[in-house]
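Beneath this line is the structure, given in C-alpha cells, with notes to follow.
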Amino acid sequence: MASEKGRPLPSPLKNVFLRCSPAMKEYGQCVATKLPAVEKGMCEKEFLALKTCMQNAVYSWPTNQHPPAELPGVTDIKEGPILGVRYSLDGKILAIQRTNQEIEFVNKESCTGFKQQCRSGSDRIFGFFWTDCPACDIVFVTTSGLEMYTLYLSKNGLKLVEYKKTHVSWYVYTHESRLVLLASGMQCKTLSGYQFAAGGIVRLPKYDVTMTKQEYNRKPVLAPEDIRIATMYGRLYCVQVDRVALQLHMYRFYRDAVVPQGSLPIFSSHVAISVVDNVLLVHQTDSQVVLLYDILTDPRGPISAPLPLLLRGAPSPAASSSSNTGKGSRRPLSTAEATIYGKGWVFINPDLVLDHMHGLLWRVRLDLEAVAASSSNLPSLLSFLQRRRFDAPKAKELSLIVIKSMIIERRSLRLIASAMDVVTASYAQATRPSSGTGGSGYQPMNKSTAVSSGGITLSAGPRAGSQSSSNPVGKAMSKSKIVEIEQDAETVSDAESIISSEIEEAPLTSSQEQTSAPSSSRVLSREGSKGITMESSTSNSSSLLASGLQGLRMGLPAPYISPDDVLQSVFLAIEEEMCTDSTFYVAAIVEYMRSTAKENVRVPPGLQALMVQLLGRDERYHELRQFVAGKLIDPSRTVALQLLDVGTNDRETRKLGMEMLRLLHAHCDYVKLLLQDGRLLEGLRYIRQNKVDTIPPALFLEAAANSNDIEKLASVFRFCLDFLPGFQQTPDFNLYSSRLNQQCIVGSGC
C-alpha cells in the first residue's frame, strides 16, 4: 500500500489493535489503541502521541460519543506482549492479556496491579470480558470452558466463583447482548450460549448451524468470522454466513430455545456484517457494494438495490467554527487511507469499522435519501422509513415525499391505499396507549422479548405449532449517498453499546472541533455516485447512550406521520397541481380517510373541509350529501362553514351546513345565519329552547330595527324584557325603548 505520493508506508506495529472492554456504564464503550505508523506530513502532536504509545501507554476513547469530545484516557503499562485489553465497566481497572495463560490487572487509581492465571496450566485463554452480572465480575474463556471470577480490590486478586466446563474451539461475545457463544465439535458448528444479564446467568440450549458441503468427502469448518450476534428491534439473533450456499442463516435466541428464522440471499462469499438502526448490512467486499435487509420486511429481500459505499470526512477547522459543515469544507485523507474495504479493515459489532493499518475508526450510517431513491416497492419503502430512528426527521420528510409523488403521478388507487395504510397504522400504533410501548411510538416487539436494566433479557421461546412500481423519489434526489461511515480518528473499539430492547441509539451529530488532542484527526472525503458514506470528525457531540436512550424514552422526534402532516405536506401542497381534475384528488383523500377510520384515527376537520370544497367545485352535491350522511365526513364547525360556502349555489347543501351547526350547538354561528335569512322569531325561539345566554340582545334588536317593521321590533323588545334578566339596566333598553316611543308618536301623529 502506498501513500499519496507513491512512497510505501511503514509497516504497522505489532499488537497495535488492543481490544478493550465495555467501558464505564454511564459512558458506554471505551477503546484503546496504539498508532500504527508514522507518515510524512504528520503533525507534531501525532508524532508525540505515537512516541508515547511506543513507550507502553494505552490510549482510550469512548466510542459512544462521536467524535470523542474529551482527551483520551492514558494508562501506563509495563513492557511485554499484549494479546488483548479491556477496561472494567467502571473504567477503574485495566485488564491486559499477556500470554495464553495469564492476564494482568492494573488499578488506575492506586497504580497497583496483580496477575491471574487460568484455572489449569494446560488450558489456553481465548479471551475475557467484564460483566455486570451479580454472579461475577469477569469471565475467562478458555479451551475447557468459562471461568467466572469476582474482583477483590482490597486483596489485589480474583476469586473463582464458578466454572462451567465445556470444550471450546473459539468464542464470540458482544457486550450489547451480554451473550457469549462457544463453538465446539470437529466442524465447530455446535454452538452453546450463556447470557450474563443483570438478572443472572441464562444458559441457552445447544444448537447446530447449517453448513453446506463444498466437496463430497470434505467437511467444512465454521470460523469465528462466520458468526455475528446481532440485535435488531430488541431481538437477539445469530447471523451465520454460509459462504458455499451464499446465504445468511438467521437464528433467534429465546431463553429455552434457538429458533431458525430462515435465510437471506447474498451474492458473494466475501462479506462482512454490520447492524445500523436495526438494519442488517451485508458488505460484499469484493464488489464493494452493500445489501440492506430489514428483518421486519416481508418478503425478506433487500430493501433496495445494492448500494455502493462512500466515504465522508470531518469538517475543516474553519468550517467547524461556523454552522457550515458541508462537504465542500472537509479535510481529505491520503489515498491509502481513503481506500474502501482496505486490507486493514475489521468490522466490529454493531456498526464500527476499524482500519488498524492507519489508526482510523469508522461508524456506519444510513443515507435514507439514497435508499428511498433506489427502492421500487413503495409500500415496503414507507414501512421501512417508519421504523427508522437515527434520522427520524429525514425519514418523515421522505415518507411525505413518497406519498405526495404517488398522488401527483396518479399511481393506482390500490397502491396509494396500501401506502396510506402503512403510515396510518404506524401513527396509530405510536399514539395508542395499549400498543405495548408505553406511548413511545416504537415498532412493537415480540412478547417473548423482555427488557432488563442490563441489556436484553431472553424469555421463554415460542410454543410449537404488494405491488412493485418505479420510485418517484428518485427524481427528487440528485446527489445521494446511502450509508454514512463516520470516522473516529486513531481509536479502536469492540463497539458493544448498551441498549435496551425497545430503544435504539440516537443519531450522532458533530458540533465543535476538538482543539486539544494528542493527535490531529484525519478526514476522509470521497464525492461521487450514490452509496454508503464514511465520515471522520473531531467535533463534540452529545452522549449517545446517556442522551440517546433517555431521549427516546421521553419521545424524541419519530418518523410517524400524523393526519395534520398529511393535510399540510401532502394534500394542501398538491392542491394547485391537482385543481384541473379533482376526481383522482378526491379519491386519494377518500382512501386516506378510509385508512384512518380503520385505525380509529381522527382526521383534522381541515381535510374534510378540503374534500367538501373539491366536491363543491365540481358541483358534485349529491355525492357530498352522501358522504355526510354516511359519516365519511364528520360534523365539525369547519366542515359546516365550508358546506355553507359551497351551498351558495345549492340550497340543500346550505341547509345541510346549517343543520350541522345546530347539531354541534354552534349557537352564535347558527343564530347569525338565521338573522341573515330574516328569521328573527325562529332565532328567538332557538335561544329560548336551548337556554343560550351568550348572544347579546343588541344583535336581534338591530336586525329588527333594520327591517323597518315596528311590530317585529316591538316583539323582540318585549322578548328581551320577559326572558333576559337585567335587560332594563342595559344601554340597549334605553336606546330601543326611545326608538319605539318615537316611532309610536310618529305613527299616531300620522
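Basis for what follows: all heavy atoms, side chains included, without hydrogens, waters or symmetry-related copies. In this chain, numbering begins with 1 at the start of the sequence shown.
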Between Arg654 and Asp650, does any side-chain N to carboxylate O distance fall below 4.0 Å? no
I want to check something: taking the side chain as every heavy atom from C-beta on, are Val612 and Asp645 in contact at a cut-off of under 4.5 Å? no
Before we go on, tell me: are the rings of Tyr670 and His665 under 6.0 Å apart, centre to centre? no
Would you say Thr596's side chain and Met593's backbone share a donor-acceptor pair under 3.5 angstrom? yes
Using the side chain to side chain donor-acceptor pair (under 3.5 Å) definition, which of the options Arg620, Gln626, Glu619 pairs with His622? Gln626
Sub-3.5 Å donor-acceptor pair from the side chain of Arg432 to the main-chain atoms of Ala430, do we have one? no
Are Phe733 and Phe717 near enough that their ring centres are under 6.0 Å apart? yes
Could you check whether Glu369 pairs with Lys394 (Lys NZ or Arg NE/NH1/NH2 to Asp/Glu carboxylate O, under 4.0 Å)? yes
How long is the span from the OG atom in Ser418 to the CZ atom in Arg411, to the nearest 0.5 Å? 13.0 Å
Decide yes or no for Leu610 and Phe571: does some side-chain heavy atom of the first lie under 4.5 Å from some side-chain heavy atom of the second? yes
Are Val371 and Ile303 side-chain neighbours, meaning at least one heavy-atom pair lies under 4.5 Å? yes
SB check Glu591 Arg594 (cutoff 4.0 Å): yes
Check this for me: does any side-chain nitrogen of one of Asp277 and Arg389 sit under 4.0 Å from a carboxylate oxygen of the other? no
Within this structure, what is the CG-NZ distance for the pair Leu644 and Lys655, rounded to the nearest 0.5 Å? 13.5 Å
Short question: side chain of Asp565, backbone of Ile561 - any donor-acceptor pair under 3.5 Å? no
Rounded at 0.5 Å granularity, tell me how far CZ in Phe384 sits from CG in Leu296. 11.0 Å
Give a yes or no on whether the backbone of Asp421 and the side-chain of Thr424 come within a donor-acceptor separation of less than 3.5 Å. no
Is any side-chain heavy atom of Phe719 less than 4.5 Å from a side-chain heavy atom of Leu681? no
Report yes if the side chains of Glu575 and Gln613 come closer than 4.5 Å at any heavy-atom pair, otherwise no. yes
